[in-house]
Asker: 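Provided herewith is a single structure, encoded as structure tokens, for subsequent inquiry.
Naming convention: chains lettered A, B, ... in sequence-line order (proteins, then strands); numbering from 1 in each chain. Quick caveat: nothing in here was measured; it's all calculated off a predicted structure. Because only heavy atoms are used, hydrogens play no part in the values below, and waters and symmetry mates are left out as well, while side chains stay in.
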Number of protein chains: 2
Amino acid sequence: MPRPPVSRLTADDWAGAALDAIGRGGLAAVAVEPLAARLGATKGSFYWHFANRDALVAAALRRWEDGHTEAVIRFVDAEPDPRARIRLLLATVLTSTDHDPVEVAVLASAAHPLVAPALARVSRRRLDYTAQLFRDLGFPAAEAHRRGLLAFTAYLGHAQLAHATPALVPRGRADRQRYIDEVVALLTAPAA
Amino acid sequence: MPRPPVSRLTADDWAGAALDAIGRGGLAAVAVEPLAARLGATKGSFYWHFANRDALVAAALRRWEDGHTEAVIRFVDAEPDPRARIRLLLATVLTSTDHDPVEVAVLASAAHPLVAPALARVSRRRLDYTAQLFRDLGFPAAEAHRRGLLAFTAYLGHAQLAHATPALVPRGRADRQRYIDEVVALLTAPAA
DNA sequence: GAGAGACCATACGGCACCGTACGGAGGTCA
DNA sequence: TGACCTCCGTACGGTGCCGTATGGTCTCTC
């Protein structure tokens with residue numbers, strides 16, 4: 001079933017445009033009329049596919065939730081060596097922050113009633129997976145959880161800082177490499 | 001010069017109310033008319049003290065910038081032992097996140113043209129100070145900077161996570177204690 | 001106690017967005 | 001070909017906010 005390129009819009013088209021808007025201007029940028037103009041349509045189309053703005057925001061968040069997290073986990077989990085897995089995860093997420101404005105934008109609206117539950121699910125999933133990586137390395141559950149939490153919060157803060165003040169995070173290839181090496185070394189250091 | 005309690009408002013009153021509003025509802029909550037209602041005044045008062053909304057936002061941010069950061073640094077810097085200083089800093093900021101909504105709210109608007117420079121100044125100051133703590137401990141400058149960055153980003157992420165999903169950060173006194181101990185141990189572990 | 005200036009209330013116009021009402025174009029099937 | 005359904009454009013009213021205009025009130029000063 002071939003679909004004409006722009007003539008008719010689907011709910012998914014709107015959700016995708018909404019997610020783009022979140023990346024550009026945060027949750028507040030998900031506004032029906034500007035989005036319609038951007039899509040070359042009008043509100044008439046939108047209110048056919050969605051009941052209201054909240055429904056659109058929810059759809060965009062569902063898209064985000066299903067997307068990045070699981071993709072990264074699958075990618076990282078393909079690495080067999082436990083220590084290399086941790087390094088791969090950190091390298092992946094610490095560099096991805098440079099080109100993923102959606103991540104920080106969602107975090108920025110953490111208090112929003114629609115964002116909060118989605119963010120909670122994603123955070124728990126990520127934290128659980130990260131803690132698992134440290135258990136795979138042989139750390140007991142409680143300590144693995146603490147190390148995973150440190151790793152996860154460091155990632156969150158890194159994303160935030162890289163977005164707000166890029167000059168403060170390691171930028172060159174070599175510097176970033178060295179930083180990631182050191183973080184992995186510290187996070188996996190044997191217990192005192 | 002005694003001042004009647006509410007009858008006449010000063011620019012500082014407005015700036016304080018704006019900072020409160022940021023804590024409650026983010027930067028978007030700094031709206032003249034709702035703030036006026038909250039202060040029991042009208043826009044007439046506001047536009048006497050400020051040229052426009054941006055001027056109020058700027059004043060609130062200046063208040064935030066001058067406030068917390070330097071206070072924490074002075075408090076922590078009073079501790080003579082370098083290692084204890086790091087622990088004190090982490091314990092202070094990691095627990096303060098529970099009752100400081102302003103911090104995350106400002107971070108949430110990092111992209112705002114008025115917020116960005118203020119946030120950049122504060123971040124640089126904090127990061128520099130944290131790196132200094134690790135130099136005090138004997139680490140060479142480059143490594144101290146990397147460890148300071150890890151500590152600082154972990155704090156940022158912790159604040160974010162504690163605000164968005166409180167259930168995911170250590171809550172009990174003992175758990176938090178243990179977590180902070182472990183973070184300090186890992187951050188100050190001797191180089192491999 | 002009158003004038004000046006600081007401070008504020010009221011009223012207004014404007015803008016950007018939300019949501020609804022309704023009509024019309026295009027395809028589908030009898 | 002005509003009835004029908006899907007999808008969308010247009011037009012409208014409503015809301016919340018910004019900023020301005022203007023006049024009033026309080027306080028200080030001489």
Asker: Testing L19(B), L107(B), D20(B) one by one against V102(B) for a side-chain contact (heavy atoms from CB on, under 4.5 Å), which residue passes?
Answerer: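 When L19(B), L107(B), D20(B) are each tested with V102(B), the side-chain contact (heavy atoms from CB on, under 4.5 Å) holds only for L19(B).
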
Asker: Among the candidates dT10(D), dA9(C), dT6(D), find the nucleotide nearest to the side-chain atoms of W48(A).
Answerer: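 The answer is dT6(D), which lies nearest to the side chain.
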
Asker: Whole-Å distance between dC7(C) P and F46(B) CZ?
Answerer: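 Going from CZ in F46(B) over to P in dC7(C) covers 15 Å.
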
Asker: Return the value, rounded to whole Å, for the distance between atom CG of L35(A) and atom P of dC8(D).
Answerer: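 Distance, rounded to whole Å: 15 Å.
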
Asker: Assess the side chains of E70(B) and Y129(B): does a donor N or O sit below 3.5 Å from an acceptor N or O?
Answerer: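 Distance-only check fails for E70(B) and Y129(B).
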
Asker: Please give, in whole Å, the distance from dC17(D) C1' to N52(B) CG?
Answerer: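 Spelled out: CG on N52(B) to C1' on dC17(D) is 14 Å.
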
Asker: Just compare dC17(C), dT20(D), dT10(D) and give me whichever is closest to any side-chain atom of T42(A).
Answerer: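 Among the listed nucleotides, the one closest to the side chain of T42(A) is dT10(D).
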
Asker: How long is the line joining CZ of R38(A) and C1' of dA16(C), in whole Å?
Answerer: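 Atom CZ in R38(A) sits about 18 Å away from atom C1' in dA16(C).
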
Asker: Parallel, tilted or perpendicular: which describes the rings of W14(A) and F46(A), with under 30° parallel and over 60° perpendicular?
Answerer: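 Because their plane-to-plane angle is over 60°, the rings of W14(A) and F46(A) count as perpendicular.
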
Asker: Taking CZ from F50(A) and P from dC7(D), how many angstroms apart are they, rounded to a whole number?
Answerer: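 Interatomic distance, CZ of F50(A) to P of dC7(D): 13 Å.
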
Asker: If you compare every side-chain N and O of H49(B) against the phosphate oxygens of dA6(C) (OP1, OP2), does one of them come in below 4.0 Å?
Answerer: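 For dA6(C), neither OP1 nor OP2 has a side-chain N or O of H49(B) closer than 4.0 Å.
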
Asker: Measure the distance from CZ on R8(B) to C1' on dA9(C) and round it to the nearest whole Å.
Answerer: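 Distance check: R8(B) CZ to dA9(C) C1' gives 11 Å.
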
Asker: Tell me the interatomic distance from R53(A), atom CZ, to dT20(C), atom P, rounded to whole angstroms.
Answerer: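 The answer, rounded to whole Å, is 15 Å.
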
Asker: Both E33(A) and A31(B) contact DNA chain D. Which one's nearest nucleotide lies toward the 5' end?
Answerer: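 Final value for this comparison: E33(A).
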
Asker: Within 45 degrees of the axis of the six-membered ring of F152(B) and under 6.0 Å from its centre: does R126(B) put its NZ or CZ there?
Answerer: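 No, cation not above the ring by the 6.0 Å, 45° rule.
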
Asker: Output the rounded distance in Å from CG (D13(A)) to C1' (dC7(D)).
Answerer: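 Rounded to the whole Å, the gap is 13 Å.
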
